[in-house]
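What follows is a set of notes on a single structure, which appears directly below.
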Amino acid sequence: MAKTFYVTTPIYYPSGKLHIGNTYTTVLCDMLRRYKEMRGYDTYYLTGMDEHGKKIETVAEERNLPPSEHVDEIAEQTRALWDRMQISYDDFIRTTEKRHKTVVQKIFEQLLEQGDIYLGTYEGHYCMHCEAFFTESQLGEGATCPDCGRETSKLKEESYFLRLSKYEKQLLKFIEDNPDFITPESRRNEVLEFIRQGLNDLSVSRTTFDWGIKVISNPKHVVYVWIDALSNYLSALGYLTDDDSLYKKYWHGDEVVHVVGKDILRFHAIYWPIMLMALDVPITFRLHAHGFYMMKEGKMSKSKGGVIYPDTLMERYGLDELRYFLLRELPYGGDGVFTPETFVERINYDLANDFGNLLNRTVSMINKYFDGKVTAFSKEGTDYDASLRETCEQTIKEYTENIEELKVAEAIRSVWKLISRTNKYIDETTPWILGKDDSRRAELENVLYHLSESLRFIGVLLRPILLDASESLFRQLGIPQKLRGFDTLEFGTLDAVETVSKPSPLFPRLDVEEEVEKLQRIIRGDDAEESEESDEEKATIEDFVKLDVRVARVVDSKAHPNADKLLVLQVDIGGEQRQIVAGIAKHYDSKELIDKHVAVIANLEPVTLRGEKSEGMLLAGSNDDELEVLTLDGLNPGDKIQ
RNA sequence: GGCGGCGUAGCUCAGUUGGUCAGAGCGUUCGGUUCAUACCCGAAAGGUCAAGGGUUCGAAUCCCUUCGCCGCUACCA
């Protein structure tokens with residue numbers, strides 16, 4: 001029986017167009033799946049969409065569509081994108097599907113019965129934008145969302161909670177006992193540290209919106225994101241249904257890998273295992289949290305450094321080029337940078353010059369010297385032959401070890417070492433000199449055979465990465481289907497090569513300057529086709545007039561006794577004195593602002609920050625490294641700002 | 001503030017358990033070659049391995065301190 005391999009992407013939340021940062025996960029999983037397939041595994045690749053929640057409800061409303069139609073549309077677009085990218089997924093699950101809902105409801109009820117979920121009331125800060133409650137410890141006693149920075153409102157709501165605290169010790173032990181459970185190690189450490197600080201029970205239901213899975217025993221609640229979304233990994237396999245054969249086969253199989261971006265590490269490393277423990281389902285998966293592709297200026301976003309979409313790159317440069325770049329440029333455990341320069345240079349140097357040209361010159365020579373047919377293989381050979389063969393063997397080893405550890409960029413690099421070695425082999429053996437001497441024909445044929453065999457190795461190893469190019473390589477060298485498998489990678493297995501009569505370049509060379517410029521335009525959004533609506537929400541004038549912004553004179557100021565970023569200011573707002581705590585200590589000395597006239601929001605709900613009362617908010621402008629408090633020394637304390 | 005990590009050639013980074021570890025790729029300069037998509041191959045220049053101190057016969061590699069940067073976390077509305 002073949003070993004099994006089950007690989008998953010997160011299910012994507014349809015809030016924006018998928019850019020190359022998002023698609024990386026999917027391409028990585030696709031590559032892993034193809035690799036395992038090639039190694040003879042029985043594989044299953046799951047991806048899908050997370051389609052519930054307030055945000056979807058709202059967007060659908062704005063579009064004047066029922067939410068179901070809205071998500072149908074997006075799901076269709078997403079599937080179409082994966083199809084264009086030749087993603088080899090086996091199943092595409094949507095949380096709005098009946099097969100998923102039923103399972104989630106069963107899971108919820110079971111956990112409720114067992115007491116792992118309990119009904120409580122939540123009194124706390126709620127962020128409308130993130131649809132999330134934050135506990136006191138998460139938010140401290142501030143009033144904004146730790147995720148998005150937007151203002152939260154105090155809400156008292158009935159909510160179900162998942163008892164995380166009960167499983168804290170068990171989870172900690174599991175992670176400690178399984179060093180490979182979470183990779184890379186740095187992420188694992190973060191998780192351990194987070195658990196050690198103690199887990200708060202997790203709110204897992206909402207009553208503030210309808211677009212979600214109803215709690216059967218209490219339908220005014222809908223199941224909130226964690227239990228809904230994470231369950232997809234099981235529901236798609238038929239867990240808790242009449243036919244759970246896939247679940248038995250793959251979840252209880254040999255290898256299960258969840259690949260996620262680092263932003264959702266915690267949910268997969270903590271909440272998901274705890275859910276499984278509570279359900280008495282074995283934790284068979286390992287979790288890999290990769291970094292992101294950034295633009296040079298920072299995070300990929302429309303407002304900041306610009307965005308680049310997979311379609312753009314695919315249409316202009318090709319799928320293999322895109323896959324190669326993505327898989328090759330993201331360093332293990334870190335973030336990657338997309339720049340037009342590196343993208344174009346990778347294509348030219350690695351794909352066109354080193355790899356494509358290697359095939360091209362080999363095919364040309366076989367045609368030129370042997371009319372396209374080569375058969376000989378001399379075991380005696382030269383030192384160069386032996387060295388090349390050795391590199392082939394070594395490459396398989398490095399490649400395999402790296403992929404198994406999910407170090408795909410390293411794996412790819414090891415193949416390129418072989419490509420370089422093979423180019424060098426041509427220089428060492430100088431076939432063009434051998435070609436001038438009839439007595440050395442056997443030698444020449446042996447050289448060309450070695451080149452073909454090396455290229456066959458390269459083609460096989462790159463099959464999971466370069467879909468068209470590997471195929472084209474086999475075709476151009478006339479390598480039969482049965483010699484394209486990983487298990488045929490033994491030097492000398494190839495009986496004969498019969499090349500096509502005229503080689504065709506695998507990758508066209510690009511005009512660097514021209515393409516870089518083109519890409520820069522696209523990223524900036526200057527290209528007509530790429531113009532996009534802004535992500536930003538609009539505030540109405542009503543929103544603004546709610547704020548009472550006033551000029552205040554700083555009367556006194558001291559460092560917060562118990563927080564290094566805070567200053568405690570006494571301000572005069574035209575007769576009334578107040579205390580305001582502001583997070584500006586990194587940028588202002590405690591005395592620096594005294595007597596300055598600053599801008600404050602006067603009608604904020606007072607909060608206590610690290611033990612000091614704050615009755616307002618100081619306005620300041622900032623970027624990544626600078627911060628400047630707004631000063632209006634020409635106006636008097638109490639004057640209104642609007 | 002707590003925890004983790006990083007700071008190595010102009011640029012991007014490799015460097016497992018301390019002793020050919022001072023490296024690779026790109027860039028630069030020079031040279032070779034012509035089978036090839038003007039490609040490929042080779043050579044050279046470039047670093048007091050962030051700074052200071054310590055352990056050791058010997059440290060980029062271990063320990064301490066300082067500075068700078070990143071991630072998570074707490075505090076910043």
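The structure presented is a predicted model; accordingly, all values stated were derived computationally and were not measured. Throughout, a chain's letter reflects where its sequence line sits, starting with A, and its residues are numbered from 1.
Checking U37(B), C72(B), C35(B) against every side-chain atom of Arg509(A), the shortest atom distance belongs to U37(B). Candidate nucleotides U33(B), C72(B), U37(B) were compared by shortest atom distance to the side chain of Trp432(A), and U33(B) ranks first. Of the candidates U37(B), C35(B), U73(B), C35(B) carries the atom nearest the Asp427(A) side chain, counting heavy atoms from C-beta on. The Glu193(A) side chain lies nearest to C3(B) when the options are C3(B), U37(B), U34(B). Nearest to the side-chain atoms of Asp354(A) among the listed nucleotides G71(B), C35(B), C40(B) stands C40(B). In this structure, of A36(B), C72(B), C41(B), it is A36(B) that holds the atom nearest to the side chain of Arg361(A).
On the P atoms, G4(B) is 30 Å away from C11(B), given to the nearest whole Å. Only the P atoms considered, U17(B) is 25 Å distant from U12(B), to the nearest whole Å. Rounded to whole Å, the C1' atom of A45(B) lies 16 Å from the corresponding atom of G23(B). Atom name P, nucleotides C21(B) and G71(B): the rounded distance is 34 Å, in whole Å. Atom P of U8(B) sits at a distance of 15 Å from the matching atom of G47(B), rounded to the whole Å. Only the P atoms considered, G27(B) is 38 Å distant from C63(B), to the nearest whole Å. The gap from the C1' atom of U16(B) to that of C62(B) amounts to 15 Å, rounded to the nearest Å. Rounded to a whole angstrom, the distance from the C1' atom of A14(B) to that of C49(B) is 13 Å.
A salt bridge links Glu515(A) with Arg316(A): the closest approach of a Lys/Arg side-chain nitrogen to an acidic carboxylate oxygen falls below 4.0 angstrom.
Atom CG of Leu448(A) is separated from atom C1' of A36(B) by 13 Å (rounded to the nearest Å). Spacing between atom NZ of Lys368(A) and atom P of C35(B) amounts to 4 Å, rounded to whole angstrom units. The CG atom of Leu199(A) sits 13 Å away from the P atom of U73(B) (whole-angstrom rounding). Counting to the nearest Å, the C1' atom of G25(B) and the CD1 atom of Ile419(A) are 14 Å from each other. Between Glu341(A) atom CD and G27(B) atom P there is a gap of 13 Å when expressed in whole angstrom units. Here the P atom of nucleotide C3(B) and the CG atom of Leu192(A) are 15 Å apart, to the nearest Å. Whole-Å rounding puts the His450(A) NE2 to C35(B) P distance at 22 Å. For Leu455(A) and C35(B), the CG to P distance is 19 Å, given to the nearest whole Å.
For Ile580(A) and Met365(A), each mapped to the nucleotide of RNA chain B holding its nearest heavy atom, the one lying further toward the 5' end belongs to Met365(A). Mapping Glu410(A) and Thr362(A) onto RNA chain B by nearest heavy atom places Glu410(A) at the nucleotide closer to the 5' end.
Relative orientation of the Tyr293(A) and Tyr24(A) rings is perpendicular, given thresholds of 30° and 60° on the angle between their planes. Between Trp416(A) and Phe355(A), the ring planes are perpendicular. Angles over 60° get that label, and only those under 30° would be called parallel.
As judged by a 4.0 angstrom heavy-atom cut-off over every strand, Leu619(A) is placed among residues making no nucleic acid contact. Within 4.0 Å of Arg187(A), counting heavy atoms only, lie sugar-phosphate atoms of the nucleic acid but no base atom. As judged by a 4.0 angstrom heavy-atom cut-off over every strand, Pro505(A) is placed among the base-contacting residues. Note on Ser186(A): nothing from the nucleic acid sits closer than 4.0 angstrom, heavy atoms only.
With a 3.5 Å ceiling on both atom-pair distances, the Watson-Crick or G-U wobble partner of C3(B) is G71(B). Across all strands shown, U28(B) is found opposite A44(B) as a Watson-Crick or G-U wobble partner, with both distances under 3.5 Å. Across all strands shown, nothing is found opposite U20(B) as a Watson-Crick or G-U wobble partner with both distances under 3.5 Å.
OP1 or OP2 of C41(B) has not a single side-chain nitrogen or oxygen of Lys424(A) nearer than 4.0 Å. The phosphate of C40(B) (OP1 or OP2) has a side-chain N or O of Asn353(A) nearer than 4.0 angstrom. A sub-4.0 Å separation between OP1 or OP2 of C40(B) and a side-chain N or O of Tyr349(A) is absent.
In this structure, Arg441(A) forms a cation-pi arrangement with Phe370(A), its terminal cationic atom sitting closer than 6.0 Å to the ring centre and no more than 45° off the ring axis.
Side-chain polar atoms of Ser387(A) and Arg421(A) form a donor-acceptor pair below 3.5 angstrom. In this model, no donor atom of one side chain and acceptor atom of the other lie less than 3.5 Å apart for Arg187(A) and His288(A).
Counting only residues at least two apart or on different chains, no salt bridge (charged side-chain N to carboxylate O under 4.0 Å, His left out) pair has a member in residues 360-378 of chain A.
Under the 90° criterion around 0 for the glycosidic angle, G18(B) counts as anti.
Between Ile195(A) and Ile270(A) the shortest heavy-atom distance is CG1-CD1, 3.8 Å.
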